[in-house]
2 protein chains.
Amino acid sequence: MEIDLKYLEEVFHKHNLKITPQRIAIYKELVNSKEHPSAMIIYERIKKIYPNVSLDTVNRTLLTFSEIGLVRIVEGRGDPKRFDPNLRQHHHFRCIKCGEIYDFYSEEYDSLDIPSELKKKFIITSKRVNLEGICDRCRAKRG
Amino acid sequence: MEIDLKYLEEVFHKHNLKITPQRIAIYKELVNSKEHPSAMIIYERIKKIYPNVSLDTVNRTLLTFSEIGLVRIVEGRGDPKRFDPNLRQHHHFRCIKCGEIYDFYSEEYDSLDIPSELKKKFIITSKRVNLEGICDRCRAKRG
DNA sequence: TTTGAAATTAGGAATTACTCCTATATATTA
DNA sequence: TAATATATAGGAGTAATTCCTAATTTCAAA
Ligand SMILES: [Mn+2]
Ligand SMILES: [Mn+2]
Ligand SMILES: [Zn+2]
Ligand SMILES: [Zn+2]
């Protein structure tokens, strides 16, 4: 998929980030993946185009992106962080066998009210439903 | 808080786990904490009672507990795993400034339907709502 | 265009959070 | 009590991430 470079450069400008080939490549790679990849996965792929990009740059860049809200770090149970370029409000199902993370959309979930005692006390910036279980593929493999 | 040792020993028996002082101490420590502590935090506290308990034992034990469903690993963004002894269905608010995790209860959230296209494809074993934002204390500190 | 300050990078070292290994110790059963 | 299976301590090893610093690159101003 072609990304909107103009828009991306605007975002970088807005946050006073310089436009570097590494940043663009990392963003492209993440946007074109559907599997909520880890930094290492992105790094392996980027290396084919920029053989001496460093893993630190990939990590640093993904973290920067998440700070400016361009990508998200997916909620998980530790282990390698996994990233999500999909900014549409959506929710996740995570398979506890294979670790795959599936997006899903739900108006019902999106429109959930925040309990009023929380709304009074805290500033809420994100609301997501996390489902867990066993995916169809893993169910087919085992029992 | 006094824990129900009888019940705990039953759980261990049911899963063919031997009843060891370390396991009991680790469980007690976790049950008496409200802050979803990391293994390291538990370890530091246990050491005061058993000075040569090993960090590996704490990690291994907490992992065992989570495998048998006695505790949960809290969803987060990587970094140290954090554990939860509260088995009542509940949800979390996590402060993005200080990392504190607050429990809350909501009948509305508990009774959410699973979208039918997911119910058909996957086996769902857990459903939780994760809220994020800034807690009252952090809001007071800064702006 | 050229130039220079400031930001960014590569590459390696350091750190953090586990996870593995194995000899010893302990819990449980007979 | 003795045998056996498990669990533990302590240290080594590993994976993921973060830090450090000299060199490079970006970008704005001249
Ligand atoms: Mn997603
Ligand atoms: Mn909790
Ligand atoms: Zn699966
Ligand atoms: Zn806070």
Quick one: [X] [atom1] to [N] [atom2], roughly how many Å, whole number?
X: Tyr43(A); N: dT9(C); atom1: OH; atom2: C1'; answer: 13 Å
X: Tyr50(B); N: dT26(C); atom1: OH; atom2: C1'; answer: 13 Å
X: Ile24(B); N: dT26(C); atom1: CD1; atom2: P; answer: 15 Å
X: Ile41(B); N: dT16(C); atom1: CD1; atom2: P; answer: 14 Å
X: Glu44(B); N: dT16(C); atom1: CD; atom2: P; answer: 13 Å
X: Ile49(B); N: dA9(D); atom1: CD1; atom2: P; answer: 13 Å

Legend entry - Residues Arg72(A) and Glu132(B) bridged, charged N to O under 4.0 Å: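 Looking at Glu132(B) together with Arg72(A), the answer is no, because their closest N to O distance does not fall below 4.0 Å.
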Legend entry - Salt bridge present between Arg45(A) and Glu35(A) (N-O < 4.0 angstrom): yes
Legend entry - Phosphate contact (dA10(C) OP1 or OP2) by Thr57(A) side-chain N/O below 4.0 Å: yes
Inset, instruction - Do nucleotides 18-25 of chain C as a string where each nucleotide becomes B, S or -: B if the base has a protein heavy atom under 4.0 Å, S if just the sugar-phosphate does, - if no protein is that close. - result: SBBB----
Inset, instruction - Would you name the heavy atoms of Lys81(A) and Ile73(A) that are closest together and state the gap between them? - result: CD-CD1, 4.1 Å
Inset, instruction - Using the six-membered ring of Tyr105(A), assess whether NZ or CZ of Arg88(A) lies under 6.0 Å from its centre and within 45 degrees of the ring axis. - result: yes
Inset, instruction - Using the closest heavy atom to pick a nucleotide of DNA chain C for each, name whichever of Met40(B) or Thr61(A) lands nearer the 5' end. - result: Thr61(A)
Legend entry - Within the 6.0 Å centroid threshold, strictly below: His92(B) and His90(B): yes
Inset, instruction - Kindly state whether the ring of Tyr7(A) and the ring of Phe12(A) have centres lying under 6.0 angstrom apart. - result: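 No.
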Legend entry - Side-chain H-bond candidate by donor/acceptor type, Asn86(B) with His36(B), under 3.5 Å: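 Checked: Asn86(B)/His36(B) side chains show no N/O donor-acceptor pair below 3.5 Å.
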Inset, instruction - Supply the atom-to-atom distance Ile123(A) CD1 to Lys97(B) NZ, rounded to the nearest 0.5 angstrom. - result: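 Reported value, rounded in 0.5 Å steps: 9.5 Å.
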Inset, instruction - Could you list by number each residue of residues 11-23 of chain B showing a heavy-atom separation from DNA chain C of less than 4.0 Å, or answer none if no residue does? - result: Lys18(B), Ile19(B), Pro21(B)
Inset, instruction - Quick one: list whatever passes side-chain hydrogen bond (donor to acceptor under 3.5 Å, both in side chains) with Arg128(B), sequence neighbours left out. - result: Glu75(B), Ser126(B)
